[in-house]
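Below: the structure, in structure tokens.
Counting convention: from 1, in listed order, for ligands and their atoms alike.
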Amino acid sequence: MITITQRLAQTQDRIKLAALKFQREPSTVQLLAVSKTKPSSDIILAYQAGQRAFGENYVQEGVEKITALSQHCPDITWHFIGPLQSNKTKEIAQHFDWMHTLSREKIANRLNEQRPNDKAPLNVCIQVNISGEDSKSGLLIEQVDSLADFIQQCPNLKLRGLMAIPSHQDNSDKLRNELITLTQKYQELRAKFSDIDTLSVGMSQDLELAIEHGSTMVRIGSAIFGARN
Ligand SMILES: *Cc1c(COP(=O)(O)O)cnc(C)c1O
């Protein structure tokens with residue numbers, strides 16, 4: 001059976017090959033290991049193989065793992081990447097290092113107020129709904145600037161960039177156009193604000209396409225930890 005260590009190495013190879021194919025320096029693409037639904041023992045295996053950034057989707061599950069692993073794996077950077085209800089902001093502000101799915105001023109405000117003073121500012125990405133479908137979470141691209149301006153006024157938040165979950169559709173021209181629009185907005189933000197260095201896009205199935213379009217952080221779950229139930 002193929003192990004998590006081997007899968008992690010294969011994923012790193014995929015990232016490296018894709019970066020080189022598109023004339024990018026491989027170190028400009030960070031790997032976020034998405035451990036949702038997987039036990040802490042799986043995280044420890046990836047940690048022992050050198051992985052340090054982990055992503056979780058559910059607040060309760062994430063906080064339990066963060067607490068359980070704080071001794072074993074002290075230098076993990078924890079990223080919250082799931083949809084967030086406003087009554088759960090406090091746990092995010094207290095326990096996570098990053099939050100990728102910010103799309104409302106109200107949530108930004110709460111995270112800013114609830115971030116403990118002894119912690120570094122919470123790193124945030126604005127989630128963009130690049131397909132524009134009503135069913136998707138995130139902001140429309142034309143609404144990004146206003147939330148970005150708002151976050152600049154929050155001393156306990158640090159805006160790092162944009163995050164998107166492309167729709168898995170067969171129409172690859174449409175998807176490419178969406179990614180091009182996303183990258184343009186990311187470059188605009190980079191020109192406008194300091195600290196912007198993260199385009200969080202790409203999952204197990206489409207990491208090559210995401211790297212082609214400038215992703216700086218791919219969020220990889222099943223390719224590392226195996227299929228989820
Ligand atoms: C689950 C999840 C991932 C990882 O997906 P895989 O297809 O397993 O790589 C990445 N991003 C988000 C937002 C997710 O919910």
Present, as a list of atom pairs with distances to 0.1 Å, all nitrogen or oxygen contacts under 3.5 Å between ligand 1 and the protein.
from	atom 1	to	atom 2	distance (Å)
ligand 1	8 (O)	Ser222	N	2.8
ligand 1	8 (O)	Ser222	OG	3.0
ligand 1	8 (O)	Arg228	NH1	2.8
ligand 1	8 (O)	Arg228	NH2	3.1
ligand 1	9 (O)	Ser204	N	3.0
ligand 1	9 (O)	Ser204	OG	2.5
ligand 1	9 (O)	Gly221	N	2.8
ligand 1	11 (N)	Arg219	NE	2.9
ligand 1	15 (O)	Lys36	NZ	2.7
ligand 1	15 (O)	Asn57	ND2	2.7

### Task
Name all pairs fulfilling the ring pair (Phe, Tyr, Trp, His ring centres under 6.0 Å) condition that reach into residues 193-229, sequence neighbours left out, sorted by first residue then second.
none

#### Entry: Shortest non-hydrogen separation from Thr5 to Ala49 and the atoms involved
CG2-CB, 3.9 Å

### Task
Using a strict 4.0 Å threshold on nitrogen-to-oxygen distance, state whether Arg176 and Glu212 make a salt bridge.
yes

### Task
Write down the atom of Ser40, the atom of Lys65, and the distance for their closest heavy-atom approach.
OG-CG, 3.6 Å

## Note on the structure
Quick note, salt bridge (charged side-chain N to carboxylate O under 4.0 Å, His left out) partners involving residues 183-201, not counting sequence neighbours, are Asp145-Lys185, Asp149-Lys192, Arg160-Asp197, Lys185-Glu188

### Task
Among residues two or more places apart or on two chains, list those pairs meeting salt bridge (charged side-chain N to carboxylate O under 4.0 Å, His left out) that have a residue in residues 94-111.
none

